[in-house]
Amino acid sequence: MMHAMAPADDTRDHRQSATPRAAATWTTRASAAAAASPSAAAAMHPVGPRAHDDHHRRAALRRRPRTTQRSSSNTHDQGGGRRPDVLMRVTKMKTGRPRSAADHQLLTVVVFVALSVAMLMPGAQASARVPEAHCTTVVVGRDATGEGGPLTSHTNDCSACDFRLSKVPRRAVTAARRPVYRYRAEYPRFLGPGKGRTYATATPWSPAWAAGAGDFAALGTIPDAPGETLVGETYSYVDGAYGLMNEVGLAIGESTCPAELIARPVSEEGGAALIDVRELSLLAMERCATAACAIRVMGATAEEFGYYGADATHVEAGEALTVVDASDAWVFHVCADDTGHSAVWAARRVAPDSIAVVANQFILGDVPGASSYDDGYVFSSNIRAVAARAGLWPNGAPLHFAKTFGQPRGARL
């Protein structure tokens, strides 16, 4: 079980506007506390498993619609009790005759048409709405997993994304520069050479899909580099909507976080930023064997070349990546700076006996005076200057990352 606890450094809010507390925060020694105090654990779970099941069974029976015919011969024992066979009950007609295949086909068509009409009629009271995407990532320190190593996870909630997984092979570093591409979520997320067979071709549903054109033309280039333990080539990795895991076990999870500062990509009028979160994750996959390396590469690249969100709204302006290797786990935050040419970022190591959850809100708290990998908290050199220039932070007060650069999800576009 995980407790939602405020960070130790979560002090007063120094801003006038209501900005978010951590949506999900650091949790320490939860299992040890439960073991030391069984009564406390019982208090947190006042209803036992059997009572819990009985409660839901009674609730389900209360919600059950009345029918003109019930079958007493089609019952079976589950968990010590007998219940009507729901499948049999709902597939009988009033005469008791089981529905034929034609009946089922007709019912399927009726339901499909009804849902289609509901979706296509604006203003209807009942509609099949596409839910808002809420990506969540959980990262666990090596001692808290029970497996001897850390882990991270990621729910990639998206209604129209390219959900393919691709094995991207090693790539020879033969040129001085590496192309950078615009963020694209929908199919195909990329089309062109150099990233394996998955992206070499696409089903030609649109004549605009062509390698080197449109979204598949490079926005610009950055210096290329090999994997940190390789010579002349990058690591291979598994790619989804973001870089997921490479051949040496570096893994990344992602959660979009609303942010105060917005930038536009160089492809848009007035835009100056070159890098988005997908490209940052791919750079980490290509070049890094450790989480600390991934933090350095992603932070330095965003700061030098400019970071932009998935679109030009506050709700998509920031990102959190959870990064793990064989022994360490980190939480990384990034958003644009106030000029649109750079970025602000910070990262904190997850303690070995702790977990962190990011649910579409920044969770990092007070930023220390000095950036140090040894101390487990690093950040961009411009973090205080940007916050002060943007009017987000009174210079001299403690700088709380989430309260300074984040905002409640959906507060404003």
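Since the structure is predicted, the reported quantities are computational estimates derived from the model, not experimental observations.
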Kindly say whether [Y] contributes a backbone atom to a donor-acceptor pair with the side chain of [X] at under 3.5 angstrom?
X: Thr221; Y: Arg177; value: no
X: Ser281; Y: Arg278; value: yes
X: Thr404; Y: His400; value: yes
X: Thr137; Y: Ser153; value: yes
X: His314; Y: Ala259; value: yes
X: His154; Y: Glu254; value: yes
X: Asn360; Y: Thr256; value: yes
X: Tyr308; Y: Tyr183; value: yes
X: His333; Y: Ile363; value: yes
X: Asn246; Y: Leu250; value: yes

Within a strict 4.5 Å, meaning less than it, do heavy atoms of the [X] and [Y] side chains meet?
X: Ile252; Y: Thr322; answer: no
X: Pro265; Y: Leu274; answer: no
X: Thr290; Y: Glu228; answer: yes
X: Val139; Y: Leu151; answer: no
X: Glu319; Y: Val334; answer: yes
X: Thr136; Y: Val358; answer: no
X: Arg384; Y: Val367; answer: yes

Kindly compute the distance separating [atom1] ([X]) from [atom2] ([Y]), expressed to the nearest 0.5 Å.
X: Phe305; Y: Ile275; atom1: CZ; atom2: CD1; answer: 7.0 Å
X: Leu392; Y: Asp338; atom1: CG; atom2: CG; answer: 8.5 Å
X: Phe190; Y: Thr198; atom1: CZ; atom2: OG1; answer: 11.5 Å
X: Asp311; Y: Asp276; atom1: CG; atom2: CG; answer: 11.5 Å
X: Asp162; Y: Arg184; atom1: CG; atom2: CZ; answer: 8.5 Å
X: Asp366; Y: Phe401; atom1: CG; atom2: CZ; answer: 12.5 Å

**Item:** Phe362/Phe405 under ring pair (Phe, Tyr, Trp, His ring centres under 6.0 Å): CA gap, chis, key distance, verdict
**Value:** CA-CA 8 Å; Phe362 289 141; Phe405 296 104; 7.9 Å; no
**Message:** Which residues pass the side-chain hydrogen bond (donor to acceptor under 3.5 Å, both in side chains) test with His341, not counting sequence neighbours?
**Reply:** none
**Prompt:** Does Glu286 have any side-chain hydrogen bond (donor to acceptor under 3.5 Å, both in side chains) partners at least two apart in sequence or in another chain, and if so, which?
**Reply:**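 With neighbours one apart ignored, the set is Arg171, Arg178.
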**Asked** In terms of ring plane angle, is the pair Tyr377 and Phe379 parallel, tilted or perpendicular, where the classes change at 30° and 60°?
**Response** perpendicular
**Message:** Parallel, tilted or perpendicular, judged at 30° and 60°: which one describes the rings of Tyr187 and Trp209?
**Reply:**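 Taking Trp209 first and then Tyr187, their aromatic rings stand perpendicular (interplane angle over 60°).
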**Verdict with supporting geometry, Phe216 and Tyr181, ring pair (Phe, Tyr, Trp, His ring centres under 6.0 Å)** = CA-CA 7 Å; Phe216 314 118; Tyr181 297 92; 8.5 Å; no
Provide the closest heavy-atom pair for [X] versus [Y] in the form atom of the first, atom of the second, distance.
X: Val140; Y: Ala329; answer: O-CB, 4.2 Å
X: Tyr235; Y: Ala289; answer: OH-CB, 3.7 Å
X: Ala343; Y: Asn382; answer: O-ND2, 3.0 Å
X: Pro150; Y: Ala326; answer: CD-O, 3.3 Å

**Item:** Pairs involving residues 258-290, ordered by first then second residue, that meet disulfide bond (SG atoms under 2.5 Å apart) (sequence neighbours left out)
**Value:**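 Of all non-adjacent pairs touching residues 258-290, those that pass disulfide bond (SG atoms under 2.5 Å apart) are Cys288-Cys293.
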**Request:** Would you list the pairs meeting ring-ring contact (aromatic ring centres under 6.0 Å, His included) in which at least one residue belongs to residues 263-300, sequence neighbours left out?
**Result:** none
**Message:** Measuring centre to centre across the rings, with the benzene-like ring taken for any Trp, is Tyr373 within less than 6.0 Å of Trp330?
**Reply:** yes
**Message:** Are more than 12 heavy atoms, taken from residues, nucleotides or ligands other than Arg296, located less than 6.0 Å from that residue's CZ atom?
**Reply:** yes
**Request:** Report the C-alpha distance between Arg182 and Ser267 in whole Å, list the side-chain angles of each, state the deciding distance to 0.1 Å, and finish with yes or no for side chain to side chain donor-acceptor pair (under 3.5 Å).
**Result:** CA-CA 8 Å; Arg182 182 179 175 134; Ser267 58; 2.6 Å; yes
**Prompt:** Checking side chain to side chain donor-acceptor pair (under 3.5 Å) for the pair Asp374/Ser372: CA distance, chi angles, key distance, verdict?
**Reply:** CA-CA 5 Å; Asp374 290 338; Ser372 170; 4.8 Å; no
**Prompt:** What pairs with Arg170 under side chain to side chain contact (heavy atoms under 4.5 Å, CB included), at least two apart in sequence or on another chain?
**Reply:**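 Here the qualifying residues are Leu230, Glu233, Ser236, Glu247.
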**Cationic N near anionic O, under 4.0 Å, Arg164 to Asp239** = no
**Prompt:** How would you list, by chain and number, every residue that makes a salt bridge (Lys or Arg N to Asp or Glu O under 4.0 Å) with Arg287, sequence neighbours excluded?
**Reply:**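 Per chain and number, Arg287 pairs via salt bridge (Lys or Arg N to Asp or Glu O under 4.0 Å) with no residue.
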